[in-house]
Amino acid sequence: MDGNEHSREERIRERAYDIWEREGRRDGDHERHWDKAEAELRKDESGIDSSGRSSRPSDGQGNTEGISEPVSPPEDGKQK
């Protein structure tokens, strides 16, 4: 296992532990916690949630890519 795989496995392990704690530390669900942790990590890595929308944080501006700002005419009213 290379360092990248080890790091990913460690992130999954930590997330599975967090899920186990959130769910009341019940024994016997370790495989489900691991699977859920893997799915959450995959979702985070892809940046897409289950609805197909980006799950990455928004700056509140919406998607303005390719849209230019409106330009006001010069104060003297003449085009330059």
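Since we're looking at a predicted model, the values are computed, not measured.
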Problem - Enclosure of Glu31 CD (heavy-atom neighbours >12, cutoff 6.0 Å) - result: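 Counting neighbours around CD of Glu31, 12 or fewer heavy atoms of other residues, nucleotides or ligands fall under 6.0 Å, so no.
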
Exercise for the section: Carefully, step by step, assess Glu45 and Arg8 under the rule side-chain contact (heavy atoms from CB on, under 4.5 Å). Expected result: CA-CA 11 Å; Glu45 290 170 346; Arg8 186 170 197 285; 3.4 Å; yes

Problem - Which atom of Ala37 lies closest to which atom of Ala16, heavy atoms considered - result: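 Scanning both residues, the minimum pair turns out to be CB-N, 3.5 Å.
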
Exercise for the section: Can you see which heavy atom on Arg32 is nearest to which on Glu23, and at what distance? Expected result: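 Taking Arg32 first and Glu23 second, the nearest heavy atoms are NH2-OE1, 2.5 Å.
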
Handout entry: Value rounded to 0.5 Å, distance of CZ in Arg15 from CD in Glu38
Key = 11.5 Å

Practice task
Nearest 0.5 Å please: distance from the NZ atom of Lys36 over to the CG atom of Leu41.
Solution key: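 Answer for the NZ-CG pair, Lys36 versus Leu41, is 14.5 Å.
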
Handout entry: Intermediate values then yes/no, side-chain contact (heavy atoms from CB on, under 4.5 Å), Glu40 and Ile19
Key = CA-CA 10 Å; Glu40 287 180 7; Ile19 293 167; 3.9 Å; yes

Problem - Partners meeting side-chain contact (heavy atoms from CB on, under 4.5 Å) with Arg13 (sequence neighbours left out) - result: Glu9, Glu10, Trp34

Handout entry: Verdict with supporting geometry, Arg25 and Trp20, side-chain contact (heavy atoms from CB on, under 4.5 Å)
Key = CA-CA 5 Å; Arg25 298 180 173 197; Trp20 174 72; 3.5 Å; yes

Practice task
Could you verify whether a donor N or O on one side chain and an acceptor N or O on the other, from Ser7 and Arg11, lie under 3.5 Å apart?
Solution key: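 Yes, side-chain donor-acceptor contact under 3.5 Å.
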
